[in-house]
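Here is the structure we will look at, set down as structure tokens.
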There are 2 protein chains.
Amino acid sequence: MILIADDEERDRSWLKSLLNDNFADNGPIEEAHDGQQVVDMALKLKPPLIFLDIKMPHLSGIKAAEQILAQLPNTAIIMLSNFSDEVYVRQLWKVVPPNGVFGYVLKNASNEQVVEATRAVLSGDCWIHPGIARVIQRTQNRATNLTTAEYEALVCIALGMTDHAIAKRLYLTEKAVQSRLKSLYAKLGIPGRGESHDTEFNQRCRAVFLSTKRGLINQSELDDWEAKLQQAQDARASST
Amino acid sequence: MILIADDEERDRSWLKSLLNDNFADNGPIEEAHDGQQVVDMALKLKPPLIFLDIKMPHLSGIKAAEQILAQLPNTAIIMLSNFSDEVYVRQLWKVVPPNGVFGYVLKNASNEQVVEATRAVLSGDCWIHPGIARVIQRTQNRATNLTTAEYEALVCIALGMTDHAIAKRLYLTEKAVQSRLKSLYAKLGIPGRGESHDTEFNQRCRAVFLSTKRGLINQSELDDWEAKLQQAQDARASST
DNA sequence: AGCATATCCGGGGTTTACCCCAGCCAATTG
DNA sequence: CAATTGGCTGGGGTAAACCCCGGATATGCT
């Protein structure tokens with residue numbers, strides 16, 4: 001049995017027919033259309049292989065994978081993503097058990113690539129989309145990989161917070177925030193004020209731009225963070 | 001005859017079979033897979049209806065539409081887009097002739113919606129995706145609609161440029177730039193420093209965040225702008 | 001003509017973001 | 001055990017980003 005989860009009807013039927021054509025002997029194909037549903041179905045049906053779309057209502061593919069793997073660590077997971085966002089590769093890395101089997105394919109992959117990935121995962125190998133390999137390389141690179149401290153700061157400035165607001169939120173000094181930002185800028189390769197006169201940048205905005213471009217952050221992730229921020233503020237307001 | 005243009009093979013075949021099932025009497029369906037090709041084919045074949053994906057290599061769907069409509073203003077165009085980005089609606093508005101016929105459908109539309117849109121456009125009506133109507137409302141709203149001046153400034157800060165760099169690039173004073181930014185912030189509803197103490201924002205980054213959220217700008221548009229910027233700098237460097 | 005709007009420009013101010021430098025502490029690593 | 005690295009703290013500075021104000025120009029609408 002193979003379980004597939006995607007909120008888009010079109011992608012679901014595309015994948016289903018593709019799997020039916022190539023993996024008919026792996027039993028029936030079950031469908032879920034959001035993150036919560038796929039978790040429920042997975043725990044009940046215990047399928048050996050699950051396709052998960054990253055962007056789904058209620059529960060993202062990553063979080064769904066986390067919950068499923070917590071109960072059934074031997075489940076093979078193939079993630080489907082629209083973009084080569086570094087955030088997701090980052091998050092997936094934490095969720096998948098060290099020797100777990102998983103695949104990561106972009107939605108613009110060819111049918112052949114999806115079949116190839118499925119075949120690989122079913123026989124116990126990992127398959128990662130060509131475009132992503134580069135990203136993973138960077139994820140493991142010491143010099144450019146962001147620490148969680150830097151990542152937190154990055155998200156905050158992307159949301160438009162001031163140093164002062166960030167400090168208050170993360171329980172830090174403004175100096176500490178600036179320290180984080182400084183190393184962030186360095187890792188992103190943004191020139192400072194002193195060096196190079198023709199490339200004048202507002203490092204703050206430039207950092208947001210480059211990070212978005214590289215897929216370190218993206219809008220839907222930021223929306224999540226902003227929602228959390230809002231909740232925290234509401235809680236603080238109601239307690240006073 | 002119907003001409004469809006999309007760089008993704010999957011979307012192309014999906015649309016083709018959908019049209020074949022529902023509009024068989026409209027003649028054969030021709031396919032193009034990038035912006036330049038669809039312009040060439042359109043000028044040669046003069047199809048009454050063209051489907052255009054917005055995101056295509058070489059030439060965006062909008063620009064392709066512009067070139068086609070310049071020669072064949074009576075062509076009906078249906079745009080296909082992944083997002084409800086305001087930028088695109090904005091640009092499409094300028095390109096389509098006042099009484100031209102066009103449709104705008106998002107790629108997550110149901111098959112029924114696409115059929116409906118096609119039917120409408122073929123009979124001379126415009127069809128706009130439900131989610132977009134709201135965006136168009138805003139595009140025409142005086143109070144929140146950005147002027148081109150403000151939009152230019154917005155793009156520049158999103159790219160991470162300083163006031164000084166923007167001024168140099170747009171041949172303005174720094175004061176003029178700040179003036180543009182000030183009205184931009186006002187239209188985006190970003191509070192200034194004086195008012196409201198618990199909402200402390202770096203207006204610059206906040207503007208970028210909100211604009212991206214609302215679809216006023218997006219990454220691929222910014223990448224285009226940055227490429228232009230780079231060209232201008234190269235030209236300046238080689239002339240000195 | 002009168003009015004509104006958008007845009008640009010100027011002076012003169014405050015606050016914030018970034019800069020350099022140095023030191024401390026904790027955890028990791030050879 | 002050193003040695004290194006990542007992170008926080010501090011002092012003291014410069015320049016960029018934002019603030020309020022008034023004034024000039026052009027454009028379009030009634």
Side-chain angles (χ1 to χ4, degrees), chain A residues 140-154 156-210, chain B residues 140-154 156-210:
Chain A
Q140 291 174 333
N141 183 339
R142 182 69 56 82
T144 56
N145 181 25
L146 300 190
T147 64
T148 45
E150 286 149 356
Y151 184 75
E152 280 178 345
L154 171 59
C156 288
I157 63 170
L159 290 176
M161 299 169 69
T162 61
D163 289 2
H164 182 241
I166 300 172
K168 209 163 52 177
R169 167 146 182 71
L170 299 179
Y171 306 101
L172 294 171
T173 335
E174 287 191 38
K175 286 287 183 183
V177 175
Q178 294 179 345
S179 165
R180 288 182 173 199
L181 289 178
K182 190 185 168 185
S183 55
L184 171 68
Y185 300 152
K187 285 192 181 172
L188 291 175
I190 301 171
R193 286 179 182 165
E195 26 189 342
S196 69
H197 287 279
D198 40 60
T199 60
E200 273 185 332
F201 286 126
N202 177 316
Q203 301 174 292
R204 208 163 249 256
C205 290
R206 188 66 180 170
V208 174
F209 172 69
L210 288 178
Chain B
Q140 291 174 333
N141 184 337
R142 182 66 55 83
T144 55
N145 179 26
L146 299 190
T147 65
T148 45
E150 287 150 357
Y151 183 74
E152 280 178 345
L154 171 59
C156 287
I157 63 170
L159 289 175
M161 299 168 69
T162 61
D163 290 2
H164 182 242
I166 300 172
K168 209 162 54 176
R169 166 145 183 72
L170 298 179
Y171 306 101
L172 294 171
T173 334
E174 287 191 39
K175 285 290 182 182
V177 175
Q178 293 180 345
S179 167
R180 288 183 174 197
L181 289 177
K182 190 186 168 187
S183 55
L184 172 68
Y185 299 153
K187 284 193 181 171
L188 291 174
I190 301 170
R193 286 178 184 167
E195 26 189 343
S196 68
H197 285 281
D198 40 57
T199 58
E200 273 186 329
F201 287 126
N202 176 317
Q203 302 174 292
R204 206 165 252 256
C205 290
R206 188 66 180 170
V208 175
F209 172 70
L210 289 178

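Chain A is the first sequence line, chain B the second, and so forth, proteins listed ahead of strands; every chain is numbered from 1. Treat the numbers as computed from the prediction; the structure is a model and nothing was measured.
Going from atom CG of A/L181 over to atom C1' of C/dC19 covers 13 Å, rounded to whole Å. The distance from atom OH of B/Y185 to atom P of D/dA17 is 9 Å, rounded to the nearest whole Å. Atom-to-atom, NZ of A/K175 to P of C/dC24 comes out at 18 Å; the value is rounded to the nearest Å. As a whole-Å value, the separation of B/R180 CZ from D/dA17 C1' is 17 Å. Nucleotide D/dA16 holds its C1' atom 11 Å from the CG atom of B/N202, rounded to whole Å. D/dA15 atom P lies 12 Å from atom CD of A/E200, rounded to whole Å. Between B/E152 atom CD and C/dT7 atom P the separation is 10 Å, expressed in whole Å. In this structure, B/E174 places its CD atom 13 Å from C1' of C/dC9, rounding to the nearest Å.
Closest-nucleotide positions on DNA chain D for A/S179 and B/C205 were compared, and the one nearer the 5' end corresponds to A/S179.
With D/dC8, C/dG10, D/dA17 as the candidates, the nucleotide lying closest to the side chain of B/T162 is D/dA17. Nearest to the side chain of B/A149, among D/dG6, C/dT7, D/dC8, sits C/dT7.
Put simply, the residue from B/I157, B/T162, B/L170, B/I166 that forms a side chain to side chain contact (heavy atoms under 4.5 Å, CB included) with B/V177 is B/I166.
Residue A/S183 has no polar side-chain atom (N or O) positioned under 4.0 Å from OP1 or OP2 of D/dG6. When the side-chain nitrogen and oxygen atoms of A/Q203 are compared with OP1 and OP2 of C/dC19, one or more of them lie within a distance under 4.0 Å.
Considering every non-hydrogen atom in both A/A165 and B/E200, the closest pair reads N-OE1, 3.8 Å. Taking all atoms of both residues into account, the shortest heavy-atom contact from A/E174 to A/A167 is N-CB, 3.9 Å. Closest heavy-atom contact between A/G160 and B/C205: CA-CB, 3.8 Å.
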